[in-house]
Amino acid sequence: MLPSVGDVREGFICPQCHHDMSTMEMLQLHFQDVHMKQSSSAVKGLFSLAKQKIKSVQDNFTTVPNEQSNVYTQFFSFDQNDSSLKQQQIGYIRSYNDKFKKLRKIEHDQISIETTRLLLRLEKLISNDEDVPKNAKTKERRKYEQEIVEWIDDSKVSLCPSCAKPFSLSRRKHHCRLDGFVICDQCSQFLLFSKARYLIDPNSSTLNKMTANGSSLQGSNSLTSTVTTDDSNLNNKDKVNSENYLRICLSCQKVLQRRYDQICFKNAQRDEVFLYYEKIAEAQKELANIHPTYSTIIESLLSGDTKYQIIDGQRLYRQLTSCYEKIDSTSKHIMKLADSCSNIDEDDTQSQFRYSALCRNIRMYAVHLLQNYAISTRRVPSEDDVQRARDERKRLVEERNELERAAKAELVSKISSTDSPTTSKKDVSGWRPTIDRNLLVQAQELNPLVQQVYQVTEYIRQAQIAGRYDEVESLKLNLKELEQALKNMPQQENASTFDSYAIECE
Amino acid sequence: MTNLNVIEAVRFYIMRMIEDCGQNVKGFVMDKETASIVSMVYAQSEILQKEVFLFERIDTIGQKSLKHLTAICFLRPTKENLEALTRELHEPKYGSYYIYFSNFIEYNYIKTLSEADEFACVQVIQEFYADYLAINRHLYSLNIPMTYQKHYEWNDNHLRRTVQGLISLLFSLRKQSAIIRYQKSSNMARTLADKLSTTLMRQADFATSNINDINQTIVLIVDRREDAISPLLNQWTYQAMIHELIGIKNNRVNLSQVPGIKKELEEVIMNAEYDEFYANNLYSNFGEIATNIKGLMEHFQEKHKSQSKLESITDMKAFIETYPQFKKLSGTVSKHVTIVSELSRLVGHYHLLEVSETEQNLICQSDHNAIVPKIKNLIKDDKIQNEDILRLLCLYALRYERHANNELDILKNETQKYRQFPEKYIYFIQALLDYGGQKFRQADLFKTQTTMAITRQFIRGLRGVDNVYAQHAPLIKDLLEQLLRGKLKDTLYPSVISKDQIMQNNRHTTNQQNQLQQQGQQTKPSEIIVYVIGGITYEESFHIHMMNEKNARILLGGSYVHNFSSFIDEVITGTSSNLFVESNELLTAKGR
């Protein structure tokens, strides 16, 4: 009904080249092989390049000198303190929740008093105790019933209050067992004991299943039956007779029916779709848990770090794949439900349409989900790749050490200070403040905080080279805190020099 | 400091609805109007990602219940909707309901709904003031195609809808008060301003007013009848052109009339929020857009190492068709190529450049003797559409209404002699004069009255015009310039300051403002919201956009976004009962 922008394509379509890949696995392989290997600028895709192109073309046209760029500023005033002007916020909202709930409560309370009263009587009437007479035709039973609900004197009633027809020999007077009023047979409703029990205790009743099914079929969820004395309905009546029932009037029936509907509403059975959907949601949750770890592992492997082994990656990869498969197959299953539309009347095309739209949309959601993951998931690198990365890293570290040694030697000779006994072998377990001496000298005049910042940035650099990403993270956090502390200090100049330095380090 | 963004304002609300509902399977229940409101700012595919799997209309919810779905009901508070909702709550098909009304709802309806909610499945019932179509960041519409009733008066429904729309706009931008200025010559503008002011006072009570708030919003209410020119012109910026030549309706463009159109392109969606190329080129002129598309295509061609050179738009179209892969890339490129090539086809086929130049010269220059033969020539040219001749005749009729040598009748006769001119069109010219003729107007629409304006025009004539197809600047731009410079006359555009406002609300500041106003020192507005009774045009939107680019803070909106053909319909319905009625003269005289 609502339009979607652009053409929505279903299935596993590569977002880069829009080739249709028939499966998740294919898409993943394809994406990795074709697009990941391209240089990072190429990965951005044809489209972003196209955008750049458009932009450059446009730039040619916006060469009109922008002499008066602030031309209207002077005519508008605004309170600089008003945050709503700096960043647009959500507009006003007026809530009626409390008022509504209060009104609803009043309404519901009134009804529930009535309902409880009837249910209490009902419970006694259908009691299973041995001393309660069961046979509806006996005098004992009538006496028992009248003990619970006082029957009104029927001598004053000449018309049935519900159909307004006069009572006669052929239209005899009956009493509602729940409120004691008089009604005619035609206006009587009959409540089976089994259903009455269900009303009183929906959980233990055997009717539970039946009603749940009934509620999904429209029209068959009536609580009571109207049984007429017609001969044609004899069979029906026999059936009713085989089980005990209560004669009740329409107004009581209404109250009980309402309660019955509410119970059905609460106990409504889940549609298949939701059961399946739950599986998708579960798998999705798992994915969200695993995926970040997996990415870190792959990253670390590819950077030549030795913290993780290939096997770790493979294990997680298998888990991920099983999640993908679960989502894929479940959503496909839901898709199939779209065409079958079980439980829906054939004439009810609106519901059918609705149901299949629901199923299709879930499938579309799942496909989109998988697409996103497929693209962000790299395969586990091969032994060779990892080895190569490790060698590379080793080489880098050595290179760096070499450079450092050289730099230090130079430094020693330059500053001719005797007290710089630099150890040439690096301590791998901790980062040391090896900063350019000149900077340090300069820094000594600076605020201790600023010095600290210099040191931390240097640590980060070292950690990055060594490929210890978690430490880099924590160090970065440190840096942020320091930055914050610095900003709060009055010496703005210092902070700004630090900023530029930090950028260089990055 | 950025301008307020109406698209963002509506998106905020919709985002909040979905978030409030939590993480579960959701269905979005709307009515006809809210469905368009939502679709203007959100693509269905984007909402889908938030586990909203069903989109349906309140009046067509199916029979089968889906109790494990949560309903987000976003509805206008109309009687029909409330009745449908009451019925729905009696027999709920969803498990729970989050109800959001797009405007204020009467208290007794809350009561009715609470009584209907037997199953206690309503979780939330709130007013979210997203009650207008957000077209672009600075542009909104209330989607009322026919505002005028007989004698140019309000129909109650439209008046209510307009007041609600404007209040929701203010509330969605967190404004609870505004200075309302209106065009005095228009009864409708005055009625709207009064009603808006009183309703605003009544409804804004819940919002905590900030006494120290010095930000002042100005709402400027104008009547389209004051400037009937803008909807008559051919346009040359991308968005305006598409609307003028093909038609944009709720961001959708129907291309089924385009010769040889592919099935999947028969209806395309043009939403600047989701289409970067469109966003970048909304206000580009036709020359720029053709170049931009060409540049885009050439880039792709390079990418595919193709040698053939793209010279014309026809070549480009062929190029597209020979690259199936290209087609797959996205609807975007082929969509724009199709549209641009269609536009260029129409421009070429109907000689629109020639027509437009004549239009612009007709209204922006004052050489009567030179323009008449030009129009006559065009009338004889059978390549020119009747519709475009009508534009010229209308412009002529308005421009030289009181000219001593008015040749309108001669031109009409000429037209009927040389072409099959629909009866409706002849009638329209008459209707238009009644609608927006000099009798009604108070502004100097053609800038011919003041010596200043004449001098300015003269100087421009000497300098030469930069672009012969864009000489015209709409009146609304002029009004806004005047307003900003404090030169908009209070006698012509008075402001509503209700007594209540002075009594109740921060007596102090209002008095201060009054004093300032009396001293001629108007307080600067924090932003200006324009509403045009009878609709706006994309030409006006373009001009406001350009002002906003220069740090103005203006939102533009109206009852509808007109192009020539929708404008014809509106004017004819508005005047049909008016013309040939004796009291006509008297009524419009009163209106002045």
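So that the names make sense, note that chain A is the first sequence line, chain B the second, and so on, each numbered from 1. All of these numbers come straight from a predicted model, not from anything done at the bench.
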Interatomic distance, A/Ile93 atom CD1 to B/Phe128 atom CZ [nearest 0.5 angstrom]:
3.5 Å
How far does CG of A/Leu103 sit from CD1 of B/Ile110, to the nearest 0.5 angstrom?
8.5 Å
Return yes when atom CG of B/Asn108 has more than 12 non-hydrogen atoms of other residues, nucleotides or ligands closer than 6.0 Å, and no otherwise.
yes
Relative to chain B, which segment of A/Tyr365 carries a heavy atom at a distance below 4.5 Å: side chain, backbone, both, or neither?
both
At a heavy-atom separation under 4.5 Å, does B/Ile528 approach chain A through its side chain, its backbone, both, or neither?
both
Any idea which heavy atoms bring B/Gly95 and A/Phe265 closest together, and the distance?
O-CZ, 3.6 Å
Closest-packed option against chain B by number of heavy-atom pairs under 4.5 Å, given A/Lys101, A/Arg258, A/Lys99:
A/Arg258
Is the shortest side-chain heavy-atom distance between A/Gln88 and B/Leu173 below 4.5 Å?
yes
Which residue out of B/Val124, B/Val10, B/Asn251 racks up the most heavy-atom pairs below 4.5 Å with chain A?
B/Val124
Relative to chain B, which segment of A/Lys266 carries a heavy atom at a distance below 4.5 Å: side chain, backbone, both, or neither?
neither
Taking everything shown except B/Arg137 itself, do over 12 heavy atoms lie less than 6.0 Å from its CZ?
no
With a 4.5 Å heavy-atom cut-off, do B/Asn551 and A/Phe75 have their side chains touching?
no
What part of B/Val122 is in contact with chain A, defined as an atom under 4.5 angstrom from a non-hydrogen atom: side chain, backbone, both or neither?
both
Considering only heavy atoms from C-beta outward, does the side chain of B/Glu481 approach that of A/Tyr72 to under 4.5 Å?
yes
Comparing B/Glu115, B/Met547, B/Glu118, B/Lys111 against chain A, the one with the most heavy-atom pairs below 4.5 Å turns out to be B/Glu118
side-chain contact (heavy atoms from CB on, under 4.5 Å) between A/Phe76 and B/Ile554, worked out:
CA-CA 10 Å; A/Phe76 290 92; B/Ile554 302 167; 4.2 Å; yes
Highest number of heavy-atom pairs under 4.5 Å with chain A among B/Cys121, B/Ala120, B/Ser172 belongs to B/Ala120
Check whether any side-chain heavy atom of B/Asp117 sits under 4.5 Å from a side-chain heavy atom of A/Phe100, and report yes or no.
yes
B/Val25 and A/Val273, any side-chain heavy atoms less than 4.5 Å apart:
no
Hey, can you tell me if A/Tyr92 and B/Phe171 have their rings parallel, tilted or perpendicular (30° and 60° cut-offs)?
perpendicular
Output the distance between atom OG1 (A/Thr73) and atom NZ (B/Lys550), rounded to the nearest 0.5 Å.
11.5 Å
For chain A, which candidate among B/Phe53, B/Tyr107, B/Phe12 shows the most heavy-atom pairs at distances under 4.5 Å?
B/Phe53
Flag side-chain contact, heavy atom, 4.5 Å: B/Leu48 against A/His368
no
State, yes or no, whether a side-chain contact exists between B/Leu113 and A/Tyr96 at a heavy-atom distance under 4.5 Å.
no
How far apart are the closest heavy atoms of A/Asn97 and B/Ile125, and which atoms are they?
OD1-N, 2.6 Å
Does A/Arg354 use its side chain to pair, donor to acceptor, with the backbone of B/Glu56 at less than 3.5 Å?
no
Under 4.5 Å between any side-chain heavy atoms of B/His68 and A/Tyr277, yes or no?
no
From A/Leu369 atom CG to B/Gln49 atom CD, the distance as rounded to the nearest 0.5 Å
7.5 Å
